[in-house]
Amino acid sequence: MSNNIILELKQITQAYDQQLVVKDLSLTLQNGEIGCLLGASGCGKTTVLRTIAGFEQLLEGEIFLNGKCVSRSGYLLPPAKRKIGMVFQDYALFPHLTIFDNVAFGLKGMEKALLIRRVNEALELVGLHSEHAKYPHEISGGQQQRVALARALAPKPHLLLMDEPFSNLDVTLRERLSMEVRDILKEYGTTALFVTHNQNEAFAVADRIGVMYNGEILQWDSAHNLYHRPVSPRIAEFVGEGSLIKGVVNDNNQVETGLGLLDGVMTATTPTETVVQLLIRPEDIIHDDNSPVKAEVIRRSFRGANILYTLLLGSGDKVQALVPSHCDHQPGEKIGIHPDVRHLVIFPVGVQRRK
Amino acid sequence: MLVLVPLSVLAFAWLEPAWDIWKHLQETLLSRLLLNTLILVLGVSTGTLLLGVSLAWLTGACDFPGRKHFSWSLLLPLAMPTYVLAFVSLGIFDYSGPVQTQMREWFGRGVWFPDMRSAGGVVLVMSLALYPYVYLLARNAFRTQGKRALEAAESLGCTPVQGFFRVVLPMARPWIAGGVTLVIMEALADFGAVSIFNYDTFTTAIYKTWFGFFSLPAAAQLSSLLVAMVFLLVALEQRLRKRMRFAQSRLAAQAERIELTGSRRWLATGYCSLVLSIAFLVPALQLLIWSLEVFHEEFDSRYLSLLGHSLLLGLIAAVLITAVALLLAYTGRRHQDRLTHGLIRTATLGYALPGTVLAVGIFIPLAWLDNFIINLARSVFGLEIPQLLQGTIMIMLLAYIVRFMAAGFKSIDSSMHRVTTNIDEASRLMGLRGIKLLARVHLPMLRGGIFTALTLAFVDVMKEMPITLMTRPFGWDTLAVKIFELTSEGEWERAALPALALLLSGLIPIILLMRETDRD
């Protein structure tokens, strides 16, 4: 573990029936990091996971685990020899074994006393020690999920893979459990990679997130950077809420937009007079009745503490604004706003000479 | 009631044991009977286990060329009664059969060939005929597992082979064991196949004691021993059913198949074809050839009357069974208490009773009742009346009802479950009551179940051999009885035509079953 890299994918490519599902995908995970592949269903994220586990052959590229090549075209280290733990989407608990035996399943060639201690340790970690004698069908879905986690962690794998680990749980449980799982993984010091289509889960659990689209990772970054420094318009729209409005960069490194002249740190340097798309997040728009800038409410969505308004600007652009819910406006009303944009996330479209 | 009478009669048979015949049996036969039965049960359960589980796993969890076709066609052997497969394979592989004749021609006279008329032969034939029971149940289990269970095991450090034995098999264990229990019941109850092979088991011994020694009491006592064994199995089976319900896996969501690669795919295809040919295709073809050969001599008015008897008996019995099953199902619906449920459970236990045992168990009390009525009429009214029940098809029909009630009840009951009390109430709100409710709501909803019940019962009765053989009135020969008579004289070719008719009728329920399993 010279450089502390546990998992490294080097330009892997995967295909089913001549159809590419993963293209040239690379990523690395440091020891103890939790990574996440985020994307809509069918974008190839589960395939990546299954390839890392050794269930699928690689077409091109290489996978390194602890510095050792485990997969390349024409070679596959059997899943059993990889020391990779996996939590399946449907948990895949063995219905004929008790919780204890499920967790003990992967512990082989071990003294009995040690085995019992390890299983108990894992069960205590997930808070299910009292249920050890029950069968999987006798416990709730959330508990099953934690048993699956304990079972995968007990053999102390180099890497833990989780396939949509929270998708079978109801919403409230999902939120609580995702935070619990992060705590457990951090306590165990496990390096982990999971896939999900749910941003909140990705943000809550992962250190590094890869946004996947059509078999490619568009950006492999921290949650903060994905939100505030998206590298492409697609990511800007996919991650979080927000809208892209048209703007033109002027001589003073300001952007002229339908919201007025915006000043701030720009994410990209562009020549002047460049036409750009500018990302406006809902929290960038402040409701201010005294502001000269007016916008028409075209949709409102009540969210308890806030109301998310969709506003039509004079320029024809639409932006969203998150406004405290005591300021209640109906569609059709015009309200005053002023922009408070600190990072100017811009995507150049082209250069336009003005008359 | 109908089930309990024969059972208690068999138990009471011990009150006046026929010691002389019993002693004779003990000296000469009993140990051999026990040993033979044990060999049969062990052999057939091992055989069906190997065949059934391997085939079920291949078609249930894997994918290979022809998999879809095999997954239903491997059920076809169910259509062939065991005794038909038995005499056909004897016909093919016996000393004078085509295979050995051909081999002698090629390799000379001294060529060695395993003797088919041996324990091994019986076990082989019965395994081939009965493996679909294990196959059908185990396939369901493997189908829901898919490859996910195996992958989970692999991710925990098991090689695929270890994973198969530590996870895949144990998860399917309740289903496999359920199938094997059914197989053992069939093996214990089998009369036709073992008598064709001259392999003495309890069933043939019961028949011989009755019709050879003419000792009904001794036959009853032998029967009771067999019943004891069967009931152990029934208890086992019911416990397994409970576990199956609990062990229903949650993995059923989307079970992907394991794609077999390279030579393994073709090995799988070859293996399935081999089993299918030996267990069904070749015997069926042979039957067809023989039938064509003897068609001119055998297809005459006698054959038609046999066929007529079989059809008529099947029809009457099917209607009776369905009617009683309906009655039971409605009773169970109206009274949801434990007593009723217990009674219904008992009433459908008859499927476990071997035909020979039932024949004895029904014949004794009815003969007693008959004589009682005759004596009563004579002493009280001074009338001489003929026997009312003995020598009529009443006894046969009663035995059929007891034996095949389960098949009818199950199909009716499952469609009855769809007629919920809410449906009754909804109809009442719309003003439907009484007969109208039955005719316009219940009957249309139950029609499928009633049809299935009729078909299953009909085919079962057609194929039934020992009950018919032992309780039929004079002259009421059926196809199955004819097969028994012809095969006990080794006239395989002449038995082919009736067997073919049974085979065809046996295909009907298989097609029904296949429609159910074909969905994936």
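Residues A:F94 and B:P170 have side chains not in contact (no heavy-atom distance under 4.5 Å, counting atoms from C-beta outward). By the 4.5 Å heavy-atom criterion applied to side chains, B:M171 and A:P95 are counted as neighbours.
If you take NZ on A:K83 and OG on B:S155, they are separated by 13.0 Å, rounding to the nearest 0.5 Å. Atom CD1 of A:I84 and atom CG of B:L156 lie 12.0 Å apart (nearest 0.5 Å).
The contact between A:F105 and chain B is made by backbone and side chain atoms together, counting heavy-atom distances below 4.5 Å. There is no contact between A:P78 and chain B, counting heavy-atom distances below 4.5 Å.
Counting non-hydrogen atoms of other residues, nucleotides and ligands closer than 6.0 Å to CD of A:E175 gives a total of 12 or fewer.
Residues A:H96 and B:V167 approach most closely at CE1-O, 4.0 Å, considering heavy atoms.
Ranked by heavy-atom pairs under 4.5 Å with chain B, the first of A:G85, A:A80, A:A148 is A:A80. Among A:K108, A:R82, A:M86, the residue making the largest number of heavy-atom pairs under 4.5 Å with chain B is A:K108.
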